[in-house]
Protein chains: 4
Amino acid sequence: MQLADFKEVAANYKVIFFDAFGVLKNYEGLLPGIEHTFAWMRDNDKSFYVLTNDASRGPRELAESYYRQGFYGIPPDRIISSGMLAREYLDLKVHHGTVAYLGTENSAHYLETTGLKTLPISQVDLTDVADINALVMLDDEGFDWNTDLNKTVNLLRKRNIPVIVANTDETYPVSKNRIAIAIGAVAEMIETIVGKQFIRFGKPDAQLFMFAYERLENAAHVSKKDILMVGDTLFTDIIGGNKFGLDTALVLSGNTQPQDAEILIRSTGIIPTYICESVLIPE
Amino acid sequence: MQLADFKEVAANYKVIFFDAFGVLKNYEGLLPGIEHTFAWMRDNDKSFYVLTNDASRGPRELAESYYRQGFYGIPPDRIISSGMLAREYLDLKVHHGTVAYLGTENSAHYLETTGLKTLPISQVDLTDVADINALVMLDDEGFDWNTDLNKTVNLLRKRNIPVIVANTDETYPVSKNRIAIAIGAVAEMIETIVGKQFIRFGKPDAQLFMFAYERLENAAHVSKKDILMVGDTLFTDIIGGNKFGLDTALVLSGNTQPQDAEILIRSTGIIPTYICESVLIPE
Amino acid sequence: MQLADFKEVAANYKVIFFDAFGVLKNYEGLLPGIEHTFAWMRDNDKSFYVLTNDASRGPRELAESYYRQGFYGIPPDRIISSGMLAREYLDLKVHHGTVAYLGTENSAHYLETTGLKTLPISQVDLTDVADINALVMLDDEGFDWNTDLNKTVNLLRKRNIPVIVANTDETYPVSKNRIAIAIGAVAEMIETIVGKQFIRFGKPDAQLFMFAYERLENAAHVSKKDILMVGDTLFTDIIGGNKFGLDTALVLSGNTQPQDAEILIRSTGIIPTYICESVLIPE
Amino acid sequence: MQLADFKEVAANYKVIFFDAFGVLKNYEGLLPGIEHTFAWMRDNDKSFYVLTNDASRGPRELAESYYRQGFYGIPPDRIISSGMLAREYLDLKVHHGTVAYLGTENSAHYLETTGLKTLPISQVDLTDVADINALVMLDDEGFDWNTDLNKTVNLLRKRNIPVIVANTDETYPVSKNRIAIAIGAVAEMIETIVGKQFIRFGKPDAQLFMFAYERLENAAHVSKKDILMVGDTLFTDIIGGNKFGLDTALVLSGNTQPQDAEILIRSTGIIPTYICESVLIPE
């Protein structure tokens, strides 16, 4: 396994798509020194987007979480989240009524601006569901798993409505050695139980890449060959980027341990164009 | 779809295997009049066993729940539960240490008699797990789904131990129109997340049928052709009974609605030998 | 289930995306009278694209197959096939060497124009595979299933290369009552056996819809709300269109039988905006 | 990973269950020196059974294949094959008519003795199928994959009959570096396409173990604790033996490479009681 230098790799592309977790930040916060990478990109006219399977907050709140850590390099308009696709879906496909959701109030707040009423599953009255026209799964927090997942199953037996899964991840790290179950895994359990087809947004699905691709500045001068997708996870970032036709760089600062990378690439058949230690560029 | 009369069907067999839920009882308790069926069986020298995917209690407690409803026809030694298989597994394969479990204290009580120490997941200390040699999933009650399922995932990342799923059902009915998620569905979610192979006990698996078959009285005079398996669910009772080589009767008093039976049989290819309205035999 | 009139539905949209098989044609050829539908669209300034999970030929050959039946309404530049996505993938991601393929010579002919050498699996020499840099599954015809599928498995054990499935369908109809296994189902079997992740192009995946969306004429004046996706299959056309944010019309002239539509919609949770008998518009 | 000596391990058990392929023989024939292992067992009063996912021949033909290689240690009555379970199923559950099959004539020959007529799929006339009452998948040889698998799919759309898969393996080795697709993988593809539930016989399913367990001589003096299951595959031999309550020994002479064993055990959670290089016992 040959490691490439991130700066040398990035120099060949006009636009960089970054995954957030495991690439720019980890469970302790932003990677120390990440500001140098963004300074180098600015100095070298590299454009960028952050593509994240995160539906717990809107892009403004996501950017603010960087600001609070003293990093101002990523404005909201550079953040493309799976929550934005959920919101676009509701905007295009659900014209009235109430959207029930699993997640925190904060996660639903971002959807509300579509004009639909949102209602946490905990407040749904199963004897009065005629007005509920969609269900969105946003976050693993903000509800009682036992009570509210059972309620979700029974809601979906009463109402034949679209179910949108706005974060397809199965787990996320909460410390060096521990992980937590993400809403994507919960969604799969519910989908199996009710036997219906849910609508999933998030990497590796092409739609998140397309959402960023359509927003490129100077789009006329950028082709897919000019874009590099950088991520820490073969199953989302790398296969998604590959399929969309982008070159891809796997970084070893997150989900994929250095000692496992080679064996994982061989066993999954998901092949990144490059492997880099991290996206850090020394000052 | 031709309905058969249960009494006429049963008359042709020496032994009847009954599923419990949806056949002998439902969410409201025992089927009114079920005692006449058992009286008829006694009068006609029919032997029987109850085969149940229930690991929430031992056979004694299961029998007592019938006694409390005034029905004394089913003694403990006629009840074969998936919990008994879990207990046999621990007895044969786990020789010392602690067995962590998901379920109520009551469900674990039955396992304790194997000599192993049992510990609810809620009381597991993730920094001190060297003594935990197995995990058993018994019941969907008795633990906090969010905290304790996350803990379960992290336990299984630290310890490579066998995981026994003692109830393979995905859901169970709690009222006429509502269902609840059973531990079997939770187990599938955890199994996908940790990527390991769990050990499942319960219909349709052959081992539950075998457990009953081995306990037959007058075994020498009973062949598989003399046994009828009666259940309300194609995917567990009927396919399991068929595969074990038994004749099978689907009853319409539980999981399978009369209007859906024919279409379900055609679409799944799971074909019962008979279809009966219920096991009730008029006095 | 309320049936809508296709003409009245189509009148509300600027652009119509059509599935081909089951919508415009069936196993006997083009739907008699389909030319009136396209005449009406031309007279009413409706734009259209045909989106097809067909990688057996290029768009030119697909259009010619309509010409041969005397229908000149669909020029090649209106046909978007999953084969085009496979070709784009190879163009962007595979820069040299040989592409092995499963399919007819005809299906590979279209890929060849990318500059890569193509080689049918039957001609692959398993002792000399260093030059093979991708495998594409195009069509269920053109190879010996036994010999060549075994060869495919062994090729993928020797070479860790991307595998592109250019038609995700599991089956296709060959007469009123018979179907044939399509390459999509074969691909799933091979993927399970080798344990690798293949790259799939075709509905319901967003990328095919995007490919058409990016080619829209007068794109500046067309939003997703102006586009109707018409298909005969819930699992590809309708859920794909829904997820992409389009209104959708299920037609009953193909895969979905009129008597099954309602029960299928309820059991799958895939809900079309409209249901129409067919796309035929009387002269 | 600590390797145990097979002779020392075996000394602790009264009965040994052996997998055949990868344990007693490989693609080149019987393991050289295997006769010494059986001589040691005879001298030490060890009983044994061979449990094999092989439905291509009956036990007599399987034993004869050993005789032809000059090894007379395994008589037919010590061989338990998944084909025997298929035969028992037909005997118990299919009382008349024709059984269609995928496999060689030889594989069907063993079923014929049940009194049912057997018919290779190639000779099935799809316009005259009313008499076909079951389908058995026996072997990957003996039929044209393209023509006859398509015929199989169409037969199962016309007739709602039980489908028995008598070999659950996905692949088998044909030389040092090459494998072939086994009927088990083909069965999964067909099952997905027709959407029905097939009946599978073979390890890891309990029924094959039970079949051997029931045939034990001196059964009264043998408990599950006295039996060792020996196999080369975690997913069939080892997890099946574990679940049935037996101690298990993984051998590294077949499917599981020495360098992969530890990582596979850790990643699958399938834990053998012992790991041995092979079952060979020096003279």
Side-chain angles (χ1 to χ4, degrees), chain B residues 85-95 133-135 156-157 159-165 191 194-201 204-211 213-214 219 223-225 227 234-235 238-248 262 264-271 273, chain D residues 85-95 133-135 156-157 159-165 191 194-201 204-211 213-214 219 223-227 234-235 238-248 262 265-271 273:
Chain B
L85 294 177
R87 180 185 157 123
E88 190 203 37
Y89 177 92
L90 294 174
D91 184 41
L92 287 166
K93 296 285 294 178
V94 183
H95 304 307
N133 288 334
L135 172 74
L156 296 178
R157 284 160 52 95
R159 291 283 295 155
N160 192 24
I161 52 177
V163 179
I164 298 96
V165 184
E191 194 179 28
V194 299
K196 301 196 172 182
Q197 299 254 331
F198 294 178
I199 289 175
R200 283 188 169 66
F201 292 117
D205 190 72
Q207 224 154 326
L208 194 72
F209 292 90
M210 184 173 38
F211 213 84
Y213 189 64
E214 283 174 347
S223 88
K224 286 184 175 178
K225 295 198 185 211
I227 306 174
L234 290 171
F235 297 95
I238 304 304
I239 198 172
N242 282 348
K243 185 181 165 191
F244 194 69
L246 309 183
D247 282 354
T248 50
E262 206 162 1
L264 260 175
I265 291 168
R266 206 172 52 228
S267 69
T268 61
I270 305 172
I271 310 157
T273 318
Chain D
L85 295 178
R87 180 186 158 123
E88 190 200 39
Y89 178 91
L90 294 175
D91 184 40
L92 288 166
K93 296 286 293 178
V94 182
H95 304 307
N133 288 334
L135 172 74
L156 296 179
R157 285 160 49 96
R159 289 283 297 154
N160 192 25
I161 53 177
V163 179
I164 297 96
V165 184
E191 194 179 28
V194 299
K196 301 196 173 183
Q197 300 255 329
F198 293 177
I199 289 176
R200 283 186 169 66
F201 292 117
D205 190 72
Q207 225 154 325
L208 193 71
F209 293 90
M210 185 171 39
F211 212 83
Y213 189 64
E214 283 173 348
S223 89
K224 287 184 175 178
K225 296 199 184 210
D226 299 317
I227 306 174
L234 290 171
F235 298 95
I238 305 303
I239 199 172
N242 282 347
K243 186 182 165 190
F244 194 67
L246 309 183
D247 282 353
T248 49
E262 205 162 2
I265 291 168
R266 205 171 54 230
S267 70
T268 61
I270 305 172
I271 309 157
T273 318

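Per chain, numbering begins at 1; letters A, B, ... match sequence-line order.
Between Tyr89(D) and Phe201(D), the ring planes are tilted. Angles from 30° to 60° get that label.
Both the backbone and the side chain of Ile265(B) come within contact range of chain D, judged by heavy atoms closer than 4.5 Å. Interface residue Thr273(D): only side-chain heavy atoms are found under 4.5 Å from chain B. Both the backbone and the side chain of Phe244(D) come within contact range of chain B, with heavy atoms under 4.5 Å apart. Both the backbone and the side chain of Lys243(D) come within contact range of chain B, with heavy atoms under 4.5 Å apart. Only the backbone of Ile161(B) has a heavy atom closer than 4.5 Å to any heavy atom of chain D.
Of all non-hydrogen atoms in Asn160(D) and Ile271(B), the two that sit nearest each other are O-CD1, 3.0 Å. The minimum heavy-atom distance linking Asn133(D) with Pro162(D) is given by the pair O-CD, 3.5 Å. Summarising the geometry of Leu246(D) relative to Lys224(D), their closest heavy-atom pair is CD2-O, 3.7 Å, with the distance given to 0.1 Å. Residues Phe211(B) and Leu85(B) approach most closely at CD1-CD2, 3.1 Å, considering heavy atoms.
Ranking Asp205(D), Asn242(D), Val163(D), Ile270(D) against chain B, the residue ahead of the rest is Asn242(D), based on heavy-atom pairs under 4.5 Å. Counting heavy-atom pairs closer than 4.5 Å to chain D, the top-ranked of the candidates Pro204(B), Gly195(B), Ser267(B) is Ser267(B).
Here the side chains of Ile227(D) and Phe209(D) are not in contact, with every heavy-atom distance at 4.5 Å or above.
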